[in-house]
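Each remark here refers to the structure printed beneath this line.
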Amino acid sequence: MTQLEGALAALRESQIDLITDVSASLAEMGDITEDDRKRLADVIRDLREMFFLVVIIGEFNAGKSTFVNALLGEEMLPTGITPTTEMIELIRYNPTPNLKPVTRDESTREWAHPNTGGDGVAIVDTPGTGSVFQRHEKVAKDFLHRSDLVIFLLSAKRAFAETERLYMELAKNYGKKMILVVNQIDLLQPNEQAQVKRFIEQQVKEYLGISPLIFMVSAKQALAYAKNPTPNGDTGGLDVIKAHLRGELAQASPARQKLLAQLTTAEKLIQKYHDQLRSKMDVMRADTAKVKDVERELQTQSLALDGQLLKAKQDIDAVFAGMKLRGLSFLDANLSIRRIGRGIKRDKLQAEFQDVVIGRSLRDINDATTGYINAVVDQSRVYWRDVIDRLNKVVDLLNQEVSGLDAGSYAEQRESLEEAIRLAEAELKSYSTGRMIDEIQQEFQTNMSGFTTSMGATLFGLVGTILSIAAPGVSPVILATAPMLGLGGLFAWRYYNRITQKTKADFTAQLEALKAKYEQALNELTQRERGRLAQYGTQILTPIFSRLEALSKRYAEQEATFQRFIERVQTLRKGLSDMA
Ligand SMILES: Nc1nc2c(ncn2[C@@H]2O[C@H](COP(=O)(O)OP(=O)(O)OP(=O)(O)O)[C@@H](O)[C@H]2O)c(=O)[nH]1
Ligand SMILES: [Mg+2]
C-alpha cells in the first residue's frame, strides 16, 4: 500500500508538505500546543504508511475488542469483564494473518489480518475510556486524530456517558466521519432496542448537534456466528454494519479517502489557529482604538487649557484696565500744584494710591487666577482619571480575550499598559490645588507690593521735584497761598507738565510690565501642564502604539500565511475530487 501511483502519490506528497509547513509555521508563530504539534507529526507518519484507519472508540467493557473479533471472524484480541485492552491494537490488512502481535511502541501493537475490510484498510481497537485507568484513557484519546473513520461503540446496558460525549465532540471538532454502534443488544428485550436507539439519537442530536448513523449489534452473537456460520443463523446485526463499511470504502480507494480524511483534520486545525489569530487581531484593533481615544483626549485636554487660559487672561486684563483708568485720574488729581501745595505726606500718598488705584485689584486677580487653577486642576483630574479608566479597560480586554492564547506577546503589552496606568495615577495624585494657588498668589502678592512701593516712591519723589521747581526754598504751605506764578513760573509749568506726563507714562509702563508678569506666570503654569500631557503622549502612549503596530504587522503576515494554507487545502481537495 505504500506504493502509490502517479497523481495520488503526488497529492500525498503535497499534503505531507502542507502539513509540515503548517506545523513549522504554527511553531514559528509560537502558538501551537505540544499536543497539536505531535498530532500533525502522527498524521504525516500515517500518510507515509497510507492505511485507512477505522478506529473503534468507547467505554471500557462495552465490547470493542469482541466487536473487532467479530469483524475479523476470529477470536484474535483478548476480551474480558475487567478493563482489558491496554494498548492500541492496530490490525493491518494482509492476505496472510499474523496472530502474534508486534509491539511497535509503548502504546501500540500491530497485527495483520485479511478481514479488515480491504487492502489498505486497518482496524484499530483502543483501550476503553471511563475506567479507573487514566493511561487507557490517554492512549485512546491520543489516537483519535489519526482515525479516518471513527466507530463509537456504546453499550446498550449503560447510559450515555459524559466521557462518550466528550470523545464524540472531539471527533466532531477534528472533522472525523463517525458512526455509532450500540452493542450488547442481546441483553435487551426486543421492544427496548428501539427505545435505546431513539434515546441515543436524541442525546447525540441535543448535545452535539449531529445525527450520525446508529447501528444496533450483538458482538457476542456476531462472533459466535462468525465462528460457526449457519445458513439462517443470527449475525447479531453485524452484516448491516459490514455492508455499510463496504459501501463507505467502495466510494473511493482507501488511499484517496485517507488523504481526504486527513486533509479535513489538517483543515480543522488550521481553522482553529486561524480563529485564534482572528480573535487576537480583534483584541488588538479594539486595543489600538482605545489607546487612540486616550491620545485624542490628550489633545482635547490641551485645547481646553487654552480656552481656560484665555478667559483668565481676559479677567486679568479687565482688572488692569480698571487700575490704569484709576491710576491716571489719581495722578491728575494728586499731581496738581494746588494739591501739592496743600502739603502732602509720603505715607499718606502711598496709602491713597494703594486705596484708590490698587484697591481690590489684587483680590480680583487672585480670584481670576484661582478660578483658572481650579479649572485646570479639575479638568486635569477628570482627564487623568479618564486615562486610567480607559487604559484599565484595555487591560481588561487583553485579559479577557487573550487569556491562554498568546501569553508572550501580550505580557509585554500588558506590562507597558500597567506602567502607563501607574504613571497616570502618579500624575493624578501630584495635583494640589492649594499648593499651586499658594505659589502663584505668593508671587502675585510680591509683585503687587513691589509695584505699590515703587509707585509710592516715584510719586513722592515727584512731589519734591514739583515743589522745588515751583518755588525753590518755599514751604508748600506758603506756595499754596502764593499769587499767580511769574514768567519763570511758565517754564516751570511746562517742566511740570513734562514730568507729570512722564510719570503717567512710567505708571502705564510699570502697570503693563506687572500685567505681563502675571500673564507670564499663567503661561508658565499652562505650559507646565501641557508639558505633562505631551510628555505622557510621547513617553507612554507612543511606545504602546509602536508595540501595537509591530503586533499588527506580525498578525497581518500570519493572516497571509493562513490564507496561503487555506488555498493549498482547497487546491488539494480539488485535486482529490478531480480523481473521482
Ligand atoms: N452479552 C454480551 N456481552 C458482550 C457483548 N460484547 C462483549 N461482551 C462482553 O463484554 C465484556 C467486555 O468485552 P470486551 O470486548 O473486552 O470489551 P472492551 O470494550 O474491549 O473492553 P476494554 O478493552 O476494557 O475497553 C466481555 O465479557 C464480553 O464477553 C455482547 O454483545 N453481548
Ligand atoms: Mg478491549
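Whatever order the structure lists them in is the order used to number ligands and atoms, beginning at 1. Note that the structure is predicted; figures quoted are calculated from it, not measured.
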Just to be sure I read this right, does ligand 1 sit under 4.0 Å from the backbone of Asp125, its side chain, both, or neither, counting only heavy atoms?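 Contact part for Asp125 vs ligand 1: neither.
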Ligand-residue contact atoms, ligand 1 with [X], heavy atoms, under 4.0 Å:
X	result
Asp186	1 (N), 2 (C), 30 (C), 31 (O), 32 (N)
Ala219	6 (N), 31 (O)
Pro83	24 (O)
Ile81	27 (O)
Leu187	1 (N)
Ala62	17 (O), 19 (O)

Protein residue, atom and distance nearest to [atom], heavy-atom basis:
atom	result
atom 25 (O) of ligand 1	Lys64 NZ, 2.8 Å
atom 16 (O) of ligand 1	Gly80 N, 3.0 Å
atom 15 (O) of ligand 1	Thr66 OG1, 2.6 Å

Is it the case that ligand 1 has an N or O less than 3.5 angstrom from some N or O of Lys220?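 N/O-N/O distance below 3.5 Å exists for this pair.
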Is there any N or O on Gly128 that sits under 3.5 Å from an N or O of ligand 1?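 Yes; the residue has a nitrogen or oxygen that sits under 3.5 Å from a nitrogen or oxygen of the ligand.
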Please state whether Gly58 comes within less than 4.0 angstrom of ligand 1, counting heavy atoms only.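 Contact absent.
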Going by heavy-atom distance to [atom], choose the closest among [options].
atom	options	value
atom 30 (C) of ligand 1	Gln184, Glu86, Gln221, Glu89	Gln184
atom 6 (N) of ligand 1	Thr79, Asn183, Val68	Asn183
atom 22 (P) of ligand 1	Leu238, Asn61, Thr129, Ile56	Asn61

Between Asp148 and Gln257, does a side chain to side chain donor-acceptor pair (under 3.5 Å) hold up when you go through it step by step? CA-CA 8 Å; Asp148 299 306; Gln257 292 208 52; over 6 Å; no
Would Thr85 count as a contact for the Mg ion (ligand 2), in the sense that one of its N, O or S atoms lies under 2.8 Å from it?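 True for Thr85.
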Using a distance threshold of 2.8 Å, state whether an N, O or S atom of Ser65 lies below it from the Mg ion (ligand 2). yes
side-chain hydrogen bond (donor to acceptor under 3.5 Å, both in side chains) with Asp142: which of Arg146, Lys138, His145? Lys138
Is the Phe215 to His244 ring centre distance short of 6.0 Å? yes
Is the positively charged end of Arg92 above the ring of Phe52, judged by distance under 6.0 angstrom from the centroid and angle within 45° of the axis?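 So Arg92 doesn't make the cation-pi contact.
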Give a yes-or-no answer on whether the side chains of Ser65 and Asp125 include a donor-acceptor pair shorter than 3.5 Å.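 Result is yes, a qualifying pair exists.
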